[in-house]
Amino acid sequence: MQPLPEIRLMPARPALDARPLEKRVGLIILATDHTSEPDFRRMVASERIGVYVARIPYKNPTTPENLRRMQPELEAAAALILPDEPLDAICYSCTSASVVIGDAEIEAAIRAARPGVAVVTPPMAGVRGLKSLGARRISILTPYTVETSRPMAAYFAERGFEIVSFTCLGFEDDREMARIPPAALVELAGKATDAEADALFVSCTALRSALAVAGMEQAIGRPVVTSNQATAWNCLRLCGDDTARPEFGRLMTKSLSQS
């Protein structure tokens, strides 16, 4: 063995940037989630915006009871994302759980660990997105069972939307939801959208619906808002990024102030 070289300590350290990246988005996702991370990497992450992920325990089937069990994990998950460093937004990436638990409860849990941070949930972002598009009469498509879909219908109705049609697919496992091909979602959008609807909302962060938005909008001739597209849009705008991304749907051309 050759003798080890002398290790030199530089006499001065380099000057540091204020942050490795200018903006920071925290993303809390389910242990079983295949889709939110790739979608945020595709739509949000850039040389200016970093996306930092924490996963929380979750077990299928996707029932209101199982979804509600995630609530106690939210504070600890938020605390694990770049501890003691400021974040520009935290998104809890589960649409059905956000509806069952409640936006206010989710905000309280996350802000217990990260006071003052902007909190985004998929249904909250969906409402903002639909309003920015001027939609009042909507169709909704979910991959869930009827039981899990009912709270979703109530959520949007309570926020002033007229639901002219609601279609669900009956899946109970979010890992199977992630395997629905984007092309199939385009076909399903045509079947699920009522002629009187101003827009279609496609629920579920497991669905690869962000990849299908342009095709769905072309198929139905009106705007489409999806869970991950809406949260990505909301987080981008909170980070001061107003770049139009029409390849991800009409919503990605709107400002947050329009909602």
Side-chain angles (χ1 to χ4, degrees), residues 27-45 51 53-70 73 77 91-101 121-123 125-126 129 139-153 155 165-193 200-220 224-233 235 245 247-249 251-252:
L27 183 63
I28 300 173
I29 65 177
L30 281 57
T32 53
D33 188 329
H34 285 271
T35 309
S36 296
E37 213 165 350
D39 273 354
F40 265 63
R41 184 169 61 245
R42 185 181 298 112
M43 293 187 286
V44 179
V51 177
V53 181
R55 288 180 177 257
I56 59 175
Y58 175 71
K59 290 185 178 180
N60 283 291
T62 301
T63 63
E65 293 75 23
N66 281 349
L67 294 165
R68 198 173 286 110
R69 289 191 180 102
M70 284 186 278
E73 308 290 342
C91 173
Y92 172 46
S93 193
C94 187
T95 321
S96 51
S98 297
V99 165
V100 170
I101 296 169
T121 72
S139 289
I140 297 177
L141 171 65
T142 85
Y144 320 128
T145 62
V146 171
E147 177 193 22
T148 303
S149 294
R150 285 195 187 100
M152 189 72 58
Y155 181 96
S165 68
F166 195 120
T167 306
C168 67
L169 304 179
F171 284 85
E172 293 185 321
D173 191 316
D174 69 319
R175 296 164 298 183
E176 292 182 345
M177 299 173 198
R179 291 166 53 196
I180 300 173
L185 294 173
V186 173
E187 182 179 354
L188 287 164
K191 296 176 180 178
T193 306
L200 171 67
F201 177 67
V202 183
S203 178
C204 190
T205 58
L207 291 179
R208 290 176 288 161
S209 52
L211 295 173
V213 170
M216 289 190 285
E217 290 190 334
Q218 184 175 6
I220 68 173
V224 173
V225 174
T226 81
S227 291
N228 288 349
Q229 170 222 37
T231 54
W233 165 77
C235 288
R245 302 280 298 278
E247 68 271 25
F248 294 116
L251 177 58
M252 280 289 197

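All residue numbers refer to positions in the sequence shown, counting from 1.
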Can you find a side-chain donor-acceptor pair between [X] and [Y] that sits under 3.5 Å?
X    : Y    : value
S96  : T148 : no
T142 : S149 : yes
Y155 : S98  : no

> What residues, two or more places apart in sequence or in another chain, satisfy ring pair (Phe, Tyr, Trp, His ring centres under 6.0 Å) together with F201?
Replying inline: F156
Keeping [X] on the side-chain end and [Y] on the backbone end, is there a donor-acceptor pair under 3.5 Å?
X    : Y   : value
T205 : S93 : yes
E73  : M70 : no
E147 : T63 : no
R55  : L30 : yes

> Got a sec, which residues hit side chain to side chain contact (heavy atoms under 4.5 Å, CB included) with A54, two or more places apart in sequence or on another chain?
Replying inline: A77, I81
>> For R175, give me all partners under side chain to side chain contact (heavy atoms under 4.5 Å, CB included), at least two apart in sequence or on another chain.
In response: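 With neighbours one apart ignored, the set is T32, H34, N60, D173.
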Please tabulate, for the side chains in residues 209-218, all donor-acceptor contacts under 3.5 angstrom to protein atoms that are two or more places apart in sequence or on a different chain.
| residue | atom | partner | partner atom | Å |
| --- | --- | --- | --- | --- |
| E217 | OE1 | R250 | N | 3.2 |
| E217 | OE2 | V224 | N | 3.0 |
| E217 | OE2 | R250 | N | 3.2 |

> Quick one: salt bridge (Lys or Arg N to Asp or Glu O under 4.0 Å) partners of D39, sequence neighbours excluded?
Replying inline: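 For D39 the salt bridge (Lys or Arg N to Asp or Glu O under 4.0 Å) partners, ignoring immediate neighbours, are R42.
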List the atom pairs, donor and acceptor, that lie under 3.5 Å between side-chain atoms in residues 178-193 and the rest of the protein, sequence neighbours left out.
| residue | atom | partner | partner atom | Å |
| --- | --- | --- | --- | --- |
| E187 | OE2 | K191 | NZ | 3.4 |
| T193 | OG1 | A189 | O | 2.7 |

